[in-house]
Amino acid sequence: MADQPEKLYAVLRESWSDDQFIRLTLSKLRKGREAATRVTIRPVTIGGKAQLSFVSQFPTKDITKNYPFAEAEKRIVGLLKDTYLIANLFTTEKQIILELRRNGKATLRTQASKITDDLPARSHDRKKKDWIADKRFLVELGILNSSGNVKKDKGDKYRQIKKFVEIVDGLVRQQPALKDRKPLRIVDMGAGKGYLTFALYDYFTHTLDRPVEITGVELREALIKKGNDIARSLGYKGLNYESGFIQEYKLPETDILLALHACDTATDDAIYKGINAKAELIICAPCCHKQIRRAITGSEDLQPILQHGILLERQAEIITDTIRALLLETQGYKTKVFEFISTEHTGKNLMIVGQRHDRPVATEKLLEQIAAIKKRFGIERHYLEGLLES
Ligand SMILES: C[S@@+](CC[C@H](N)C(=O)[O-])C[C@H]1O[C@@H](n2cnc3c(N)ncnc32)[C@H](O)[C@@H]1O
């Protein structure tokens with residue numbers, strides 16, 4: 001009969017090949033051993049290949065190393081022989097706890113798995129694409145807990161992140177000029193905590209094995225430091241956060257310009273910089289629409305709409321974003337405007353996408369349409385128009 005560690009290794013192999021492996025932790029150092037207090041091993045997809053990621057926890061830092069399964073298994077056997085006394089294996093079906101004693105004896109306990117809400121991160125052979133290969137950044141950013149499960153109040157954010165990666169993936173595939181662009185240069189204006197920039201970095205680097213350089217531009221120093229610290233600790237070369245004010249930021253050569261939930265006219269400033277940089281894709285999710293809200297005067301017949309704050313608000317949103325889309329078209333971009341996540345998850349869910357093309361543009365007709373809208377609502381100028389005319 002196989003001994004207790006062998007039984008654990010057999011379940012490890014089986015759960016790996018059936019894509020049921022969630023994680024394995026090794027803990028309780030053998031006497032006299034100086035090593036990481038704990039090693040957590042999880043599946044990741046690196047360059048399209050399923051591997052095991054070993055995160056070794058030391059008092060002041062974590063060290064991560066990834067190995068193909070066969071090598072990982074050898075390391076696990078070695079670590080249990082020489083360094084650790086407890087192994088805790090979680091699969092989608094069960095949890096197995098192996099306790100080794102100093103006298104050489106061992107016990108093995110099996111219980112039903114309590115982990116139900118998040119399956120392993122091996123996107124390559126999952127029926128539904130997961131969009132995220134290396135979930136460690138989600139743990140660092142507080143979306144997943146340390147066991148790799150989505151925190152109770154972070155489900156919406158998690159879905160939003162995955163949806164966003166899915167959208168960008170589709171847009172990049174539709175843009176012929178981006179097909180062979182290496183590295184793909186992405187700038188995120190007003191990156192905030194960096195959820196979306198981390199997710200794009202992970203997707204292009206680990207799932208597509210495609211070089212990217214991603215810069216998050218942000219005002220708040222604490223967020224820049226945190227983003228850079230996490231990126232460095234995970235070894236994410238090519239992902240950087242920079243201090244900058246969108247309006248003054250000198251945009252380098254950029255393939256994809258992002259501005260998600262940048263306030264009011266900061267979205268226009270970002271779009272304008274993207275146009276000037278000839279970005280192939282300009283992707284923005286506008287936030288508030290104060291400029292046009294204040295600029296709407298409207299004639300007598302529009303008063304029933306304009307007298308109600310919420311209706312004026314929605315009217316301002318529609319006008320602001322319609323004119324943004326038309327102005328993008330005057331600059332040689334095909335535009336799409338759509339809801340990128342259902343309103344049930346967030347109110348700020350409108351996305352404007354500009355896809356650069358080299359076809360002739362019916363500029364005059366577009367400018368006439370803009371003029372007619374402005375006239376109807378008594379608007380003198382849209383902020384983005386001013387930028388483009390300057
Ligand atoms: C609402 S958050 C959105 C964060 C992220 N883009 C997202 O959608 O999850 C807006 C972020 O933009 C930053 N921000 C606002 N105005 C800015 C400006 N003019 N220049 C640079 N960053 C700005 C804020 O500090 C904040 O972190």
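Both counts, for ligands and for their atoms, begin at 1 and track the order of listing.
- Between A262 and ligand 1 there is no heavy-atom distance shorter than 4.0 Å.
- Under 4.0 Å from ligand 1, the heavy atoms of A191 that appear belong solely to its backbone.
- Between the side chains of K237 and Y201, no donor-acceptor pair of N or O atoms lies under 3.5 Å.
- R30 has no carboxylate O lying under 4.0 Å from a charged side-chain N of D82, or vice versa, which leaves the two without a salt bridge.
- Polar contact with ligand 1: absent for V217 (N/O pair, distance under 3.5 Å).
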Next item on the list: Evaluate salt bridge (Lys or Arg N to Asp or Glu O under 4.0 Å) for D269 paired with K273, printing each intermediate quantity in order.
Entry: CA-CA 6 Å; D269 288 302; K273 299 213 174 230; over 6 Å; no
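- Considering only non-hydrogen protein atoms, atom 19 (N) of ligand 1 sits nearest to Q247 OE1, 3.1 Å.
- The two residues L306 and T297 make their nearest non-hydrogen contact at CD1-O, 3.4 Å.
- With respect to F198, the ring-ring contact (aromatic ring centres under 6.0 Å, His included) criterion is satisfied by exactly one of Y203, Y241, F164: Y241.
- Among residues at least two apart or in separate chains, there is no ring pair (Phe, Tyr, Trp, His ring centres under 6.0 Å) pair with a member in residues 367-390.
- Scanning both residues, R381 and I292, for their nearest heavy atoms gives O-CD1, 4.3 Å.
- Close contacts of ligand 1 with G192, meaning ligand atoms under 4.0 Å from a residue heavy atom, involve 4 (C), 27 (O).
- Taking the ring centre of Y67 as origin, the terminal cationic atom of R75 falls inside the region bounded by 6.0 Å and 45° from the ring axis.
- Remark: R185 engages E253 in a salt bridge, criterion side-chain N to carboxylate O under 4.0 Å.
- In terms of polar-atom proximity, defined here as any N/O pair under 3.5 Å, D188 makes no such contact with ligand 1.
- Scanning the protein heavy atoms around atom 25 (O) of ligand 1, the nearest turns out to be E218 OE2, 2.6 Å.
- When only non-hydrogen protein atoms are considered, atom 16 (N) of ligand 1 lies nearest to L219 CD1, 3.9 Å.
- Here K157 has side-chain heavy atoms under 4.0 Å from ligand 1, and that is the only part of it that gets that close.
- For atom 3 (C) of ligand 1, the closest non-hydrogen atom on the protein side is L260 O, 3.5 Å.
- At a heavy-atom distance under 4.0 Å, no atom of K193 approaches ligand 1.
- For ligand 1, the polar-atom distance check against I246 finds a nitrogen or oxygen pair separated by under 3.5 Å.
- If you check which protein heavy atom lies closest to atom 8 (O) of ligand 1, you get H261 ND1, 3.0 Å.
- Of the protein's non-hydrogen atoms, G244 O, 3.2 Å is the one closest to atom 21 (C) of ligand 1.
- Q355 and E280 share no side-chain donor-acceptor pair at under 3.5 Å.
- In terms of polar-atom proximity, defined here as any N/O pair under 3.5 Å, Y195 makes no such contact with ligand 1.
- In this structure, the protein non-hydrogen atom closest to atom 12 (O) of ligand 1 is G190 CA, 3.4 Å.
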